[in-house]
Every structure is written in structure tokens, then in C-alpha cells.
Amino acid sequence: MKNTAVAKVLQDIADLLELKGENPFKVRAYQRAARAIEHLPTEVERMVRNGGELENIPGVGQALAKKLTELVSTGRLDYYERLQAEFPEGISTLLDIPGIGPKTAMRLSSELGIKSIDDLESAIGEGKVAFLFRLGERTSDNLLHQIQALRRKDQRIPIGEALPVVEEILSALRPLPGLRNLTPAGSLRRFRESVGDIDLMGTADDAGKAIEAFVDLPQVKEVLARGSTKASVIVSGGLQVDLRLVEHERFGSLLQYFTGSKQHNIALGERGHRQGLKLSEYGITGLASGQTETFASEEAFYHRLGLQFVPPELREGQQEIALAEQDSLPGLIEVTDVKGDLHVHTSWSDGRDSIEAMASAAAVRGYRYLAITDHSAGRGIARGLNEERLRQQIAEIRELNRRLAGIRLLSGAEVDIRADGSLDLPEEVLSQLDIVIAAIHSAMGQDREKMTRRILRALDSPHVDILAHPTCRLLGEREPIMVDLEAVFLAAAAGGKALEINAMPSRLDLKDIHVFRARELGVKLIIGTDAHSTGHLDFMRFGVGVARRGWCEAEHILNTRPLAEVEAFLHS
DNA sequence: GCCGTTTTCGGCCCGACTGTTTTCAGTCG
């Protein structure tokens with residue numbers, strides 16, 4: 001049973017307990033555990049099998065540990081099933097509608113027999129909902145509106161799509177006089193792989209003027225709300241963007257509050273409470289004195305609480321607060337730490353640009369080295385290189401290295417891992433390359449056991465240095481392959497192989513929690529853009545974002561190291 | 001159901017909005 005499925009059960013239980021009117025703190029305990037398991041870098045199932053300490057998971061105590069053990073070892077949970085039996089099936093889906101909480105859901109069910117969103121929609125149509133005590137016409141209309149919005153609601157948007165849109169808006173707003181500190185908050189700032197709405201924060205001398213300029217932007221399709229300090233719009237592409245402006249001296253607490261995550265803020269608030277402090281978007285208030293201190297910067301806000309500044313990417317309510325207390329948060333990798341790209345394609349295979357063009361684009365970005373890793377001739381891969389053409393390419397790269405100053409080209413290949421785990425190019429050719437990346441591009445439907453054996457066999461080849469996009473997922477398009485990643489991590493760590501954080505926005509593979517686990521197990525990582533044109537080299541920042549969410553420092557990422565160190569790794 | 005620089009019991013983050021109310025419950029972020 002996967003962690004996402006385990007988390008879903010806990011979240012379901014939380015919903016049902018809420019419907020039941022249970023102690024809200026008990027409900028929150030289940031929600032908290034669900035979030036923790038969602039972000040857990042290790043499979044609960046594996047922990048149980050290996051006798052791991054479930055109670056080390058934040059938010060999991062004796063009772064939940066027992067339930068989790070039952071759930072993952074039998075695939076069922078008696079407590080959950082009994083709870084489900086108490087309610088009509090489907091009623092908890094009503095909670096998905098904004099505006100409906102547990103109380104309303106229960107009343108709709110008991111008073112009108114509503115068990116689904118469809119039921120609710122017809123009941124509203126028949127005018128039944130508006131007659132319920134304390135509901136009324138207005139609420140009924142709003143609910144219908146919410147149902148319709150829910151039906152056409154887009155999924156969360158991948159960060160690779162959202163970030164460019166946001167940056168366009170930011171650069172349009174930045175020149176406005178008197179507008180300062182413009183910053184995205186929320187999950188975008190935390191660099192989650194997908195985001196819902198976008199929250200922009202800032203400070204302004206004349207907030208009204210700035211709001212006006214914001215809603216007048218050409219990107220704005222629809223203005224949902226506009227006030228004196230806040231506006232909400234829909235931009236082309238359907239993304240909702242909120243802009244919120246505050247006085248300069250409160251910017252720090254505001255940004256902190258709206259960056260979240262919710263779990264992080266709850267944990268922070270609980271800690272503040274123990275210190276006799278009350279935290280809010282307006283500042284920090286002494287519970288005894290009633291005095292509120294304001295904070296112009298987040299740094300000052302965290303320091304006032306006796307904490308190291310917590311980078312947004314770490315604010316997921318895991319261990320970051322405990323570590324910030326001891327001043328021992330990692331010094332996360334920065335884009336500027338990257339010294340080269342180890343995974344790019346050229347016009348020799350399915351890339352757009354020549355080797356030389358890629359080399360100068362890399363040099364412009366300050367890189368010291370660049371690995372040319374075109375596809376092998378494997379079935380189905382566009383214009384993959386066979387043995388003969390690869391030899392020609394090696395010769396050309398040798399020639400270019402003689403001519404080019406300032407950047408070193410490594411000759412390499414992204415060699416296909418065939419269905420049986422053998423490689424698509426003969427050993428003899430691979431041995432002539434500086435760097436060999438292995439990757440799966442076919443037969444992705446294999447079962448877990450077969451797939452794992454296949455990848456382990458490829459990693460076993462003495463010539464393979466790196467496994468690229470290890471789970472082969474395409475965000476929103478293709479599910480990850482079924483593979484025992486833990487076994488892959490252990491094999492990579494033991495065999496001195498690197499795993500890739502593929503920085504293509506549609507891949508982001510490995511993903512954050514896998515990166516966290518791989519790093520924990522001592523696996524060397526690289527960030528590769530998989531660039532198919534010079535512009536794609538800029539994908540590096542997405543890979544760095546994922547690495548940061550995986551708590552990576554520069555030293556964990558091979559391509560932040562000087563060339564000599566990279567070569568030493570490749571030769572080892 | 002969790003958890004401990006006030007605690008192994010008694011707490012558990014905070015503020016705002018909305019619609020329906022004559023003082024607030026429910027919901028959200």
C-alpha cells in the first residue's frame with residue numbers, strides 16, 4: 001500500500017470524524033498524520049515490514065501506529081470500516097464543496113436525504129435547500145455556483161506553467177512607483193510541483209493606485225474582486241491571482257503567514273503559544289501584555305521566536321522547526337552553485353541546436369562543463385545515435401574541446417535501458433564515453449518486480465554513471481512506473497551511481513520526497529535539464545527547487561562540484 | 001489522538017468573512 005493511499009485513508013477518517021462531530025483536535029490529529037505521511041520519504045509499508053518506529057513520524061503516536069500497522073499489513077482497517085458504516089456512502093464528498101462543512105453536510109443528509117453532489121444540485125434546483133433553517137436563498141445560490149465551479153475546475157497547475165505567468169505579472173507591476181517587496185507567497189514560493197491559486201504580496205505607498213494597475217494588466221481576463229488593498233483576478237490560462245498590499249512594517253509577518261504551509265504555521269503557532277506568544281499575519285502578540293510587535297521581514301519574525309530563518313521550501317511542518325531551534329537547518333543549494341549541466345541533447349538526435357550552440361549557451365550561464373548526452377538508437381527514440389554516429393560525435397566533441405575556451409564538453413549518451421535491463425549500445429562504445437546516462441523510454445508497464453530487476457541490472461553495468469528520470473512520470477500525463485525505489489537507491493549508493501533530478505518542468509523526476517530519501521541514504525545526485533534547445537538550459541532552476549525541497553545542500557549535487565571532482569566520480 | 005522549558009493530564013493557532021441572525025455559528029485559509 002502506497003503512502004498516498006495510506007494518507008487518503010487517514011484523511012477520510014478525519015472527514016468522517018468531523019461529520020460525526022468528534023473532538024476537533026482529534027480530527028486535526030488525523031489530518032496532521034495524513035499530511036505527514038504524504039510527505040514521508042519512506043514507505044510506511046516498508047517501515048512496518050522492517051520493524052521501523054512509526055511513532056517517530058511526527059503526529060503519529062501509539063494509537064495511530066497500531067492502526068497504520070493494521071492498515072498496511074492487512075490492507076484493511078477495522079476502525080475505518082466501522083466508521084464508514086455509520087454514514088451514508090458518499091456524504092463526505094459534500095465536504096469538497098467550498099462553503100459546506102461537517103454541520104451543513106450532516107443537515108443536508110439527515111433533513112433532505114442528500115448523499116452526493118448531484119443530489120445536492122437537484123435539491124437546490126427544487127428550492128429545498130433555501131428553506132432549511134439558517135441557510136436561505138443566498139447560501140443556496142452560492143452553493144450552486146460552487147458546484148458549477150468545482151465541476152469545471154482545472155487541476156492544480158504545474159509550477160512550470162505557473163511560474164512564467166507569475167513572473168510576467170511581476171515584471172509588469174515592478175516598475176510602478178511606490179510598489180515594493182512584490183513577492184509570490186503560498187505553494188509557489190514553497191516551490192511545490194503544482195500550485196492552486198497564486199498569492200502575491202507587497203507593500204505600497206499608494207495601494208489603491210497599485211491595485212488599479214494590477215486589475216488593468218493585459219493578462220487579466222476577469223476581475224473577481226477589487227478592494228482598496230486587495231484584488232483577485234483570473235488571468236489568461238485560467239489561473240487565479242490575488243494581490244495583497246500592506247504597510248511596510250507588517251510585511252514580514254504577512255508574507256510568513258501567507259507562505260504557509262498550513263501545517264508549518266500550526267506547528268509554529270503551537271510553539272509560540274508555549275512561549276506565551278500569539279502569532280498572526282499582523283505580528284506577534286504577547287499573551288500577557290496584549291502588545292503586538294510588527295515585523296518588516298520574515299527573518300526578524302523567525303528570529304523573534306528564537307528560530308533560524310526557515311527557507312520556504314522547508315516549510316512543510318516536518319522537522320524544520322525543531323532544527324531551526326538548534327540552528328541546524330541545511331544550507332540549501334542555490335542556482336548559482338551549479339557549475340554545469342550533465343544531461344542535454346543536440347541536433348545530433350532530437351535536440352534543436354548544435355553542440356557548439358549548446359556549449360556557448362552553457363558558457364553564457366557561467367557553466368564550466370557540459371555533458372552532451374544524445375539518445376541511443378533504441379526503438380522508438382527519435383534519431384537516436386547508433387555506434388557509428390556516436391563515434392563521429394565523440395570526434396567532433398574532441399575537436400570542439402580543442403577550440404573552445406572556458407568550458408569543457410564531456411562526450412556522453414543517454415542510453416536506453418531495454419525491457420530486459422540490457423543497454424542499447426555495446427560495452428565497447430560505452431567505454432569510450434566520458435559519461436553514460438541510462439534511462440527507460442519503453443515498456444513502462446512492467447510490473448514492479450520486473451521493472452526493479454531491469455533497472456538494477458542496468459545500474460550494474462560498469463559503464464553506467466547516472467540513472468535519468470528514474471520514475472519516468474510526466475506530470476498530469478503519465479503515472480510513474482512501478483518500481484521499488486528504495487532498492488534502486490540502495491543499489492545506487494552501494495555501486496557509486498548517481499541518480500538524476502530531471503529538471504524538465506513536465507518531469508521533475510526524482511521528486512522532492514524521493515530526493516530527500518535518496519540523499520538520506522547517501523546516494524549521489526545530479527540535476528540535469530534534459531535540454532533539447534539552448535533555452536531549456538534555464539530549466540535548471542526547477543531542478544534546484546526540487547533539490548531544495550529534498551533538503552539538499554550543494555555538496556549533495558554532483559554538478560555543483562568542480563570538473564575535476566565530477567571526472568573523479570565518473571572514473572570511480 | 002498527540003504531546004511536554006507550565007504539563008503523563010489538559011491543553012491543542014489565529015483572524016476574517018458570510019449569511020443569517022438579534023448575538024453568532026459555520027467555514028475558510
Is the phosphate of [N] approached by [X] (side-chain N or O, under 4.0 Å from OP1 or OP2)?
X	N	value
A:S280	B:dC13	no
A:K278	B:dG15	yes
A:N142	B:dT18	no
A:K67	B:dG1	yes

d([atom1], [X]; [atom2], [N]) in whole Å:
X	N	atom1	atom2	answer
A:I266	B:dC14	CD1	C1'	10 Å
A:E270	B:dG4	CD	C1'	12 Å
A:Q62	B:dG1	CD	C1'	11 Å
A:R138	B:dG26	CZ	P	20 Å

Counting heavy atoms from C-beta on, name the nucleotide in [options] closest to the side chain of [X].
X	options	result
A:T104	B:dG1, B:dC2, B:dT27	B:dT27
A:A29	B:dG1, B:dT20, B:dC13	B:dG1
A:R134	B:dG1, B:dG19, B:dG26	B:dG19

Can you see whether A:N142 engages A:Q146 through a side-chain donor-acceptor pair at a distance of less than 3.5 angstrom?
no

Among A:E313, A:H264, A:E316, find the one that has a side chain to side chain donor-acceptor pair (under 3.5 Å) with A:R190.
A:E316

Please produce a list of atom pairs where a protein N or O lies less than 3.5 Å from an N or O of nucleotides 5-9 of chain B.
from, atom 1, to, atom 2, distance (Å)
B:dT6, OP1, A:R274, O, 3.4

Near-strand residues of residues 76-99 of chain A, defined as heavy-atom separation under 4.0 angstrom from DNA chain B
A:I97, A:P98, A:G99

Those residues of residues 281-309 of chain A lying under 4.0 Å from DNA chain B by at least one heavy atom
A:Y282

Scan A:L268 against the nucleic acid and name what it touches under 4.0 Å (heavy atoms): base, sugar-phosphate only, or nothing.
nothing

NA contact type, A:Q146, heavy-atom cut-off 4.0 Å: base, sugar-phosphate, or nothing?
nothing

Could you check whether the side chain of A:N265 and the base of B:dG29 have a donor-acceptor pair of N or O atoms closer than 3.5 Å, going by distance alone?
no

What interatomic distance, in whole Å, is found between P of B:dC14 and the corresponding atom of B:dT6?
16 Å

